[in-house]
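Structure in structure tokens, see below.
Quick note on labels: first sequence line is chain A, next is B, and so on, each numbered from 1.
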Amino acid sequence: NAGVTQTPKFQVLKTGQSMTLQCAQDMNHEYMSWYRQDPGMGLRLIHYSVGAGITDQGEVPNGYNVSRSTTEDFPLRLLSAAPSQTSVYFCASSYWGHRLGTEAFFGQGTRLTVV
Amino acid sequence: AQSVTQLGSHVSVSEGALVLLRCNYSSSVPPYLFWYVQYPNQGLQLLLKYTTGATLVKGINGFEAEFKKSETSFHLTKPSAHMSDAAEYFCAVSADDMRFGAGTRLTVKP
């Protein structure tokens, strides 16, 4: 049981490049989400999904796209990387969504630097 | 949308001393509240959570938190700090989605 797996762990991009951060969970969780963590700002919600085919925006969605074609996978796409997107990105999943007060399980994070 | 404010970005205590990390929340619906801990270069782990019922919640590693609706607070405490408690702690509130505070870095001095 691997839990939540994020790849890659580290990435350096040039301004304007695009890339996809991968997230997969093997717990059959319906709810998945992406956060970015910046010093002094905690974790800010980028996008979330309550099930396959359903996604919604969080606090800071601009510059990011998501899709949810399967229960297991929830990739985050950076369309045209900017230095302001330098951050640590965390994927999380949980049963039935946070609405029901269930624990979120987090991946180990992806440290992204945009130069 | 709901929000969380953590008072104090950095707290330093001596080993054996009381740990108190403060969290206040706002939510238009009855909230679910969480404390998570993050060790260096790792993801977040759940310490404890409040959903309904008893307002004093006990978690792992000797931590506990009390939900006070009248004060909209969910402060985290531990009677006696240990060196291994040094980490960053995040309070979170859940309604339609989960929102986190800015975090409090706990340092434990020998």
(request) Please answer: with hydrophobic residues joined when any side-chain heavy atoms are less than 4.5 Å apart, are M98(B) and L76(A) in the same cluster? (result)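 M98(B) and L76(A): separate clusters.
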(message) So for L43(A), is it side chain, backbone, both, or neither that comes closer than 4.5 Å to the heavy atoms of chain B?
(response)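 Both parts, backbone and side chain.
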(message) Please say yes or no: joined through hydrophobic side-chain contacts below 4.5 Å, possibly via intermediate residues, are F63(B) and V11(B) part of one cluster?
(response)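 Yes; tracing contacts between hydrophobic side chains, which count when under 4.5 Å, links both residues.
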(request) Using non-hydrogen atoms and a 4.5 Å limit, figure out which bit of R111(A) sits close to chain B: side chain, backbone, both or neither. (result)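 Answer is side chain: those atoms of R111(A) sit under 4.5 Å from chain B.
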(request) Considering only heavy atoms and a distance below 4.5 Å, find which of Q6(B), Q38(B), R105(B), E88(B) pairs most often with chain A. (result)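 Top option by heavy-atom pairs under 4.5 Å: Q38(B).
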(message) I'd like to know whether CZ of R22(B) has more than 12 heavy-atom contacts from other residues, nucleotides or ligands below 6.0 angstrom.
(response)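 Count not over threshold, so no.
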(request) Taking all non-hydrogen atoms of both residues into account, name the closest pair between G40(A) and A102(B) and its distance. (result)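 Looking at all heavy atoms of both residues, the closest pair is O-CB, 3.4 Å.
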(message) Tell me whether Y89(A) shares a hydrophobic cluster with V4(A), the cluster being built from Ile, Leu, Val, Met, Phe, Trp, Tyr side chains joined at under 4.5 Å.
(response)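 No, no single cluster joins them.
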(request) Look up atom CD in E103(A) and atom OH in Y32(B), then write down how far apart they are to the nearest 0.5 Å. (result)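 These two atoms lie 15.5 Å from each other.
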(request) Could you state whether L21(A) and F105(A) fall into the same hydrophobic cluster, counting links through intermediate Ile, Leu, Val, Met, Phe, Trp or Tyr residues with side-chain heavy atoms under 4.5 angstrom apart? (result)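 Looking at the clustering, F105(A) is in a separate group from L21(A).
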(message) Using modelled atom types and a 3.5 Å cut-off, is there a donor and acceptor pairing between side-chain atoms of Y35(A) and backbone atoms of F100(B)?
(response)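 No; judged by distance alone, with no hydrogens or angles, the pair does not exist.
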(message) Looking at every non-hydrogen atom in both residues, tell me the closest pair between E59(A) and R99(B) and how far apart they are.
(response)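 Heavy atoms only, the tightest pair is CG-NH1, 2.8 Å.
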(message) In this structure, would Y31(A) and Y36(B) fall into the same cluster of hydrophobic residues linked by side-chain contacts under 4.5 Å?
(response)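 Yes: a chain of side-chain contacts under 4.5 Å links Y31(A) to Y36(B).
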(message) Sub-4.5 Å heavy-atom contacts with chain A: which residues of residues 40-48 of chain B show up?
(response)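 Answer by number: N41(B), Q42(B), G43(B), L44(B), L46(B).
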(message) Under 4.5 Å from any heavy atom of chain B, what part of Q37(A) do you find: side chain, backbone, both or neither?
(response)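 When you check distances to chain B, only side chain atoms of Q37(A) fall under 4.5 Å.
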